[in-house]
K.L.:
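Got a structure for you, questions after.
Since the model is a prediction, treat every value here as computed from it, not as a measurement. In what follows, every chain begins at residue 1, and chains take the letters A, B, ... in the order their sequences are listed. All values below were derived from every heavy atom in this structure, side-chain atoms included, with hydrogens, water molecules and symmetry-related copies excluded.
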There are 2 protein chains.
Amino acid sequence: MVDAHLRGSGALVAPGTASMSDVAKRAGVALGTVSNVLNRPSIVAPTTRAKVLAAIDELGFVRNNLARSLANGRADTLGFVIVDIGNFLFVDIARGAQEASADAGMKLLLANSDVNFESQNDYLDWFDEARVGGVLLAPLDGPLDAAQRVRSHGRPVVTVNWPGEEGQSCGVTVDEEHGGFIAASHLLERGRTRLLFAGGPLSLHAVAERLAGARRAVAEWGNGATLEVAETERLTIRSGRELGAEIAARRASDRPSGIVSAADALAAGCVQALMASNVRVPEDVAIIGYDNNHFAADSIIPISTVGQPGHEMGRIAAGLLLEEMAGGEHEHRTVILAPELFERASTALPDFR
Amino acid sequence: MVDAHLRGSGALVAPGTASMSDVAKRAGVALGTVSNVLNRPSIVAPTTRAKVLAAIDELGFVRNNLARSLANGRADTLGFVIVDIGNFLFVDIARGAQEASADAGMKLLLANSDVNFESQNDYLDWFDEARVGGVLLAPLDGPLDAAQRVRSHGRPVVTVNWPGEEGQSCGVTVDEEHGGFIAASHLLERGRTRLLFAGGPLSLHAVAERLAGARRAVAEWGNGATLEVAETERLTIRSGRELGAEIAARRASDRPSGIVSAADALAAGCVQALMASNVRVPEDVAIIGYDNNHFAADSIIPISTVGQPGHEMGRIAAGLLLEEMAGGEHEHRTVILAPELFERASTALPDFR
DNA sequence: TTGGCGTATTGAAGCGCTTCAACGAACAAG
DNA sequence: CTTGTTCGTTGAAGCGCTTCAATACGCCAA
């Protein structure tokens, strides 16, 4: 081995392979002094410090974080297991979490489970074995025993977009029911009382909650307001187009005056199909989406929407995790954030009849 | 310390804190045997193995990967520094890279540099210190000295969407010029000879290359084909709308019969503005985008586009990295992939005049 | 000259693992 | 009963770092 030879000769060391003791030798100081230069430079005499830094430079020394963390038992890393890196909400959350981590001097490592339960567990275990300080998890629907396992090893896990377990862990979620309520209320306030809720499958927790919120809004409004439910197969543009075409085909008097859609893509498809059939948005039918995606802002008619504060969710989740890691007083809790209304042209107030 | 006490007592160990020697003691075997059970179970006698596994279970032992990697000098992890986790191309690349890594039994960790040069370097250094096996980098335009530094430490770095340095490193890129050529040729073959190239700023490497390709296509086609260049400020829907409005306002005879757009968002905006002014797509103006984004497929008129094989880019890049890590024969090279044409309605062959 | 004190430096112990030479037991062949 | 093999197991050495008690070195006051 070339490395071994060089190392053995004591003269040269392969680049990136120099250890602290190599540096110490080169600088003519003790191992501990090198460590001090790296970690507590202020307690080292300036001349000594300079010698050590020079040696580090000459040898191209790179501190070995494995050994470092192993020796001091501390970690400067957080892990984030993301269910779907292709989903903007999670990307936003990741950005927020990263920001908060950086503020605390921590690095955030992402692992994409790609909507795969097994992969999610693998990465969870991997972070556990890698001895990260804590783990953020944006999970798939489903049992979270792997998360529980990691927790039982003394490593905190905070869930995002999923509630914490009562008294066991922290979580950050959005009040989906409230989002549905906001969306429907927005339309009701604009005089749209024949509402239609579009979205599905209803087995999706978030969709069901949004529907419940819309129902509550209509019920509280009273005044003859109605809510028709059109369950779609998926939350896609395509599903939206189909629904839009169906609505456009109705007699004008049978059409809803407002549509609450459980997703922006769905709403965008709807708008496309309606406009293609000369049903005007928002004059004939107002429509509001959900998620504040690109779809919403970039549609032909900019679509009003209800958005989750992804960035804030990430910040808060990371904050909870850091708090839990710090030890001391910590009460497990789930922070529930309010979704926000984004008003755009698709629910503008024209002179509707 | 509670931990210390429990550990000292030799009876109990705090959960997740058990070490291999605790397991060995509990199972009544030697340390090395526990290691064998974990790493080479087949050479351990079944009864011994069972005892050890039982002890592992009872103690909730979690292998410490820091110590493991430190001791054997190997890493089971790759790092991927992504310039923008919000960009679908990079997400696709990440997916491909993850797939290839998993096939090789490696974990892929993502770090989002968020289009920030400093952050990119930080993560690069962090992966270096963490002793990952190798690093994938989808970089920002700009000097790559941090990458070079990591390489000089003997840790391979492969760039994606950026060429490798001649004889120094590997890279995977897409032939942007060819993409522009394909796009323009596609329109020319459909009888559109008055072409317009939309995109900007031209200082963006990719945009300039795509334009060059379109120019070459027009030149090679001859036959009186022309190419007008409309430089836009950005590659957004909004820029597209402005351009579309401008084109719609022209006399029909002054309009291009085909538009080559440097981005799907731009093309989508264009289509929206044109259709709003009753210019028909593709009858009056055919249009082709670039990037194979959502925008393209989900526009009112599905837009033809040229797409980069992101997934394949990721797979190949990870493959190159793994090859380089394996040592042995390895020739640094840059793999240039061909972009692909996606035909959709916006360039369909109607009976144009 | 001696004692005392603060500052700078030292180096051994230990973090939890892998590796590997060495050992022991069991068994077949001579 | 010996010798040789094979198979399973052992435990010390070492990975590169942090930590901390111990020491060395001034330097000033007594």
Side-chain angles (χ1 to χ4, degrees), chain A residues 1 3-4 7-8 13-14 16-52 55-56 59-76 128-131 153-154, chain B residues 1 3-4 7-8 13-14 16-52 55-56 59-76 128-131 153-154:
Chain A
M1 286 321 272
D3 284 10
R7 183 174 275 275
V13 174
T17 301
S19 70
M20 273 180 42
S21 75
D22 293 324
V23 172
K25 221 167 292 170
R26 174 90 170 212
V29 300
L31 187 57
T33 301
V34 178
S35 177
N36 284 335
V37 170
L38 257 26
N39 300 310
R40 288 171 296 278
S42 64
I43 72 161
V44 175
T47 38
T48 314
R49 203 190 309 152
K51 271 192 301 186
V52 171
I56 286 177
L59 296 176
F61 166 76
V62 180
R63 167 201 254 150
N64 186 329
N65 239 326
L66 298 177
R68 180 173 153 87
S69 296
L70 176 61
N72 71 9
R74 274 191 285 281
D76 63 344
D128 198 10
E129 291 181 0
R131 297 297 197 268
H153 299 153
Chain B
M1 289 312 281
D3 284 11
R7 184 174 275 276
V13 174
T17 302
S19 70
M20 271 179 44
S21 74
D22 293 324
V23 172
K25 221 167 293 169
R26 175 90 172 211
V29 300
L31 188 56
T33 300
V34 177
S35 177
N36 284 336
V37 169
L38 257 26
N39 301 310
R40 287 171 297 277
S42 64
I43 72 162
V44 176
T47 39
T48 313
R49 202 191 308 153
K51 271 192 300 184
V52 172
I56 286 178
L59 297 175
F61 165 78
V62 180
R63 168 201 253 149
N64 186 329
N65 238 327
L66 298 175
R68 181 173 152 86
S69 297
L70 176 60
N72 72 8
R74 275 192 284 281
D76 63 343
D128 198 9
E129 291 181 0
R131 297 297 198 269
H153 298 154

K.L.:
Sort me out a list of protein N/O and nucleotides 9-12 of chain D N/O pairs below 3.5 Å, or just none if empty.
P.N.:
from: D/dT9; atom 1: OP1; to: B/T48; atom 2: OG1; distance (Å): 2.1
from: D/dT9; atom 1: OP2; to: B/A45; atom 2: N; distance (Å): 2.9
from: D/dT10; atom 1: OP2; to: B/A30; atom 2: N; distance (Å): 2.8
from: D/dT10; atom 1: OP2; to: B/T33; atom 2: OG1; distance (Å): 2.6

K.L.:
Think B/R63 has a side-chain N or O under 4.0 angstrom from the OP1 or OP2 of C/dT18?
P.N.:
yes
K.L.:
Could you state the atom-to-atom distance from CG of B/N64 to P of D/dG16 in whole Å?
P.N.:
16 Å
K.L.:
Is any side-chain nitrogen or oxygen of B/N72 closer than 4.0 Å to OP1 or OP2 of D/dC15?
P.N.:
no
K.L.:
Toward the 5' end of DNA chain D, which comes first, B/S42 or B/L70, by nearest nucleotide?
P.N.:
B/S42
K.L.:
What heavy-atom pair brings A/R49 and A/V44 nearest, and what distance separates the two atoms?
P.N.:
NH2-O, 3.2 Å
K.L.:
Can a side-chain donor-acceptor contact be found between B/S19 and B/D22 if the only test is distance below 3.5 angstrom?
P.N.:
yes
K.L.:
Verify, without hydrogens or angle tests, whether B/S69 (side chain) and B/N65 (backbone) share a donor-acceptor contact under 3.5 angstrom.
P.N.:
yes
K.L.:
Testing the basics here: between B/T33 and B/T48, what is the closest heavy-atom pair and its distance to 0.1 Å?
P.N.:
CG2-CG2, 3.7 Å
K.L.:
According to the Watson-Crick and G-U wobble definition with distances under 3.5 Å, which dot-bracket string, read 5' to 3', encodes DNA chain D, using [ ] for crossing pairs and | for pairs with another strand?
P.N.:
||||||||||||||||||||||||||||||
K.L.:
Take atom CG of B/L66 and atom C1' of C/dC15, then tell me their distance rounded to the nearest Å.
P.N.:
10 Å
K.L.:
Atom CZ of B/R74 to atom P of C/dC17: distance rounded to whole Å?
P.N.:
16 Å
K.L.:
Which is true for B/N65 with a 4.0 Å heavy-atom rule: it touches a base, it touches only sugar-phosphate, or it touches nothing?
P.N.:
nothing
